[in-house]
Amino acid sequence: MHRRLETLIVLLLALAARSAVGAEPRATGAEPGARPDFQFALLKYAGGNWNPRPHGLTRLAWEVRKRTSIAVDLEVAAADPESDSLFDYPILVWQGDAAFAPLSAAAILNLRQHLMMGGTLLVDVADGVVGGPFHSAVSRELQRILPDMAQGRLPFEHVLYKSFFLIDRHGGRVPSQPFLEGISVEGRLAVLVSTNDLAGAMSKDDFGQWEYDVGLGGDATREMTFRLGVNIVMYALCLDYKDDQVHVSYILRRRR
Amino acid sequence: MSRFLPSTYNDWALVSLSPFPLAVKLGVVVLVVVTVGLVLWSYVHARRRILLGVMRVAAAALVIAFVLEPALQLRAVRRVRNRLALVVDRSLSMSLPDKDGGSRYDHVLATLKAAEQSLTKLAEEHVVEWFDLDGPSSAATLESAPQGTRTDLLTALERARTAQAGRPLAAIVLISDGADNVDLQASDRQGLAKEGLERLGRLEVPVNTVMAGGGRSFKDLAVAEVLADEFAFVHNTLEISVRLESVGLGALSVPVTLRREGQVISTLTAAVPEGGGAEVVFATKPDQIGEFVYSVDVPQVAGDAVLANNRRTFVLRVIRDKVRVLQVAGRPSWDERFLRQHLKENPNVDLVSFFILRTQADTPGAPDEELSLIPFPVDKLFTTELKSFDVIIFQNFDYRPYQMSQYLPNIRDAVKGGLGFVMIGGDQSFGAGGYGTTPIAEIVPLNLDSADVSWQHAVPEITPAGRGHPVTDLTRGNGSNERLWKALPAWRSINISSGLRPEASALVVDTAVRDLTGNPAPLVAAMDVGQGRSLAIASDSMWRWRFASHRDGGSAERAYHRFWSNALHWLVRDPEHSRIRVLPDKRRFDIEEPVDLTVTVKGRDYQTVAQANVRLQLELAEKGVNRDDTLTTGEAGSLRQRYLDLAPGAYRVRASATAGGEDLGHGSGVFVIESRQPELVRGAPRPDLLEAIADATHGNALELTPDAFAKIRVIDPEVVEVDRRRNIELWDTTAALVLATLLLASEWALRRNNGYL
């Protein structure tokens, strides 16, 4: 009896948890009436772990849909860098937590063309270790993809920090670096690199529970991570829109 | 002396007949002089030293004579006449009126005739040669009207100097008004520049100048120069600098008027100092795009000799500096993003964007102070600011949440008044955006009754109307447009319409998808709306051309840029996209030059129209229709027209075309007929210049009178020996020998008597 009761309680709790996350993203969900235009695509690569935070981007997509007017596909695609299908996804996310083998020449060429033609690449270092196995490997590959372009720290004055939310922090699961790095192509930020495991701070399991601890920052850190994620998406879709003259006075007033 | 010569000789000279070389003769002379000098030195304290000295010097002179063998040479010689160059200025400025009626050149001819006697006398002493500014001339040529198109006095003088293989010149007589417009034009009235002086010095002959054209009594006020760019930007300040020149009129204050197509734009007052120039600068803002005839004029003042230079005309092409585009997007999307990127990268576009980043249904999870969002300023944009835009783009934008209904008539009216409008597809656009019953429906090429959106792949296929249309001509004549369209990536959505509006043309369709009327679904459609134009792009996935063309060498990406570049040019009615074009071969023709122009005619489908009736009306600005012709286009949809003997002025040719009873529209072109001769514009006489030339060459500066030719300075002719000579030896006589012997003997005796031996 006691065992049955215990089993029942567990089932009820599980059902309650499921119902509590009823509004949570479903992998195939699409906003009624609006055809999703925006979709994250994870970059697939051999060796290492190309999808260490399987729920992170889905959660971010859901937050973008909830908070903004963007029609977002909640399903996260997987993009093969050697395939032509890479060009179906103007925004790519490169995640990992381990070293991986160098990409093929075809993949390098495709990624270079993708970025040069207007694509955006977000690198999210899931192990949160600056100079760690994944960070080193991805830095090596970025050198191959964009050999003549320098990666530098993104100043807080950059329009990305005001593309939707006015933010001055980064969030992420681990505070390994208090800044983003980036590579610009013809004045446009084409590559963004975070070593703070952004997806880790956003990941929830199927029961609606945060999957990873974010330390002392707690919910505020997670909120800041979502805001940064929304801003990255907004920047990819609107570029320097918020630097247009018409916005400047409003933003300055709010910054004060 | 000559009169004492025998009649068969007319000249004489003292010569040496000694056979010794010159060096020997000089040596002997030096030796004798030194010896005599020493002897004379020894006589300084002698008694009778003067007598002794004279005798010794005389004896020495005789010795020298023996050595040099002097003789009187009698010659029969004659003088060879040197050349006298008369350079007559036959440039066009000499045809300008002179003070007493008639032209400057008429007065020159009359004076030459009156000075016949003086000229005959000169011809006896010199070989008189006639030149004009271009080189040797003849009496017959001099009788004809002057036609020289430039006055280069220095070169003309040099030509006269070097003619006849440079045979000696007695002088040059330059008959001119001095209105040099080449090297000496900029010479200061106080004198010539160094280079000019050097060139005159190398002539090595006096230049006598004869002033034609009234000299300092000449009066003229001229618009000497108008400085304006060929292109100006609409609504931007254009500066037109005008330089006036006044001669002989004293200090003046004159109104200077700027006109466009005969209409006064502005009048300024110029203070022209005595005998000088003045500059006025007009600042104007052209408010229309196109080609316009501008003119600057000053009134005729008392005594103004030349009226032709009181007005200058020029053609100004007014273009856009930037196309002001308002891009309104219903939500951030890749289609919006890549269009914004294209427009921002286009230096000819001034972009204002408004994107709906958040709707009322969205919950950002942060207070407004933490958001960068601003209100959508619909009232300002669609009332006061509306006319500041050239093109408005509604990109997947549903107006309804923003209380915009009251502004939609403004947008419709602005488009009918000349604004360009683009509607781009998506799930919030066309019928799905609720525009079907709004004033916007009147300005969109597609009927907006349907809210259907198909998400299937759409293959854009260019229609016959689209093949030559400026928007869809992606190759611009370089290769097959049709082939390029077929090779472009498919689109991934179609807004299904309920057909085209009657006045619209489908430029691109998908033949596999049907609209609600059963016809192939239009993907791109265009329409003229009053003075404005409208374009519909029934898909939100054109961005794939811009991004997904990684395998085609970039041709789809180029097509994307070209499509939008074409679209903007067409939407703002770039004159180059006009269907009826009047293209004069040049914008400025000289007087008596035939005016040729081409008229091209295209139909609403932008295909050339053969056998179209074209009415050409030639209008002289400010004077109305000058000529009316009706012509027919050839197989290529164009025709050529030639106008002859048009009077100077600014002309506009208006063309209106019809074919099969259909009005195809109209167009126009402008050209100017004006003398480009600086001779006639800046033909004021320059007596100062002629005086400076005469001074620099030691000639005389003379007025144009019959006796002027009696006052010219010349170099005497050279004398050349001919035929006969006879030498009369002066030393080879008994008397000389006796005299020498006596002198030496007497000196010897005298010295002996005085104890010097």
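Neither the backbone nor the side chain of A:Met116 has a heavy atom closer than 4.5 Å to any heavy atom of chain B. Contacts between A:Glu63 and chain B at a heavy-atom distance below 4.5 Å are absent for every atom of the residue. Within the 4.5 angstrom heavy-atom criterion, no atom of A:Asn231 approaches chain B. Heavy atoms of B:Phe354 lying under 4.5 Å from chain A belong to its backbone as well as its side chain.
Using cut-offs of 30° and 60° for the angle between ring planes, the A:Phe156 and A:Tyr161 rings count as tilted. Taking the six-membered ring where the residue is Trp, B:Trp485 and B:Phe563 present perpendicular rings, their angle passing 60° and hence far from 30°.
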List the atom pairs, with distances to 0.1 Å, where a side-chain N or O of residues 342-352 of chain B and a protein N or O form a donor-acceptor pair under 3.5 Å, not counting sequence neighbours.
from: B:His342; atom 1: ND1; to: B:His561; atom 2: ND1; distance (Å): 2.8
from: B:Glu345; atom 1: OE2; to: B:Gln341; atom 2: NE2; distance (Å): 3.4
from: B:Asn346; atom 1: OD1; to: B:Asn348; atom 2: N; distance (Å): 2.8

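In this structure, A:Arg153 satisfies the cation-pi test against A:Phe179, with its NZ or CZ atom closer than 6.0 Å to the six-membered ring centre and inside 45 degrees of the ring normal.
Contacts with chain A were tallied for B:Ile356, B:Leu357, B:Thr359; B:Leu357 has the most, counting heavy-atom pairs under 4.5 Å. When each of A:Gly187, A:Ser163, A:Ala236, A:Gly119 is scored by its heavy-atom pairs under 4.5 Å with chain B, the top score falls to A:Ala236. Comparing A:Arg227, A:Met234, A:Glu223, A:Arg188 by heavy-atom pairs within less than 4.5 Å of chain B, the highest count is held by A:Arg227. Between chain B and the options A:Val230, A:Leu86, A:Asp244, the largest number of non-hydrogen pairs under 4.5 Å is found for A:Asp244.
Residues satisfying the side chain to side chain contact (heavy atoms under 4.5 Å, CB included) test with B:Val234, not counting sequence neighbours, are B:Ile289, B:Val318, B:Arg320.
Side chain to side chain, B:Ser497 and B:Ser450 fail the donor-acceptor criterion of an N or O pair below 3.5 Å.
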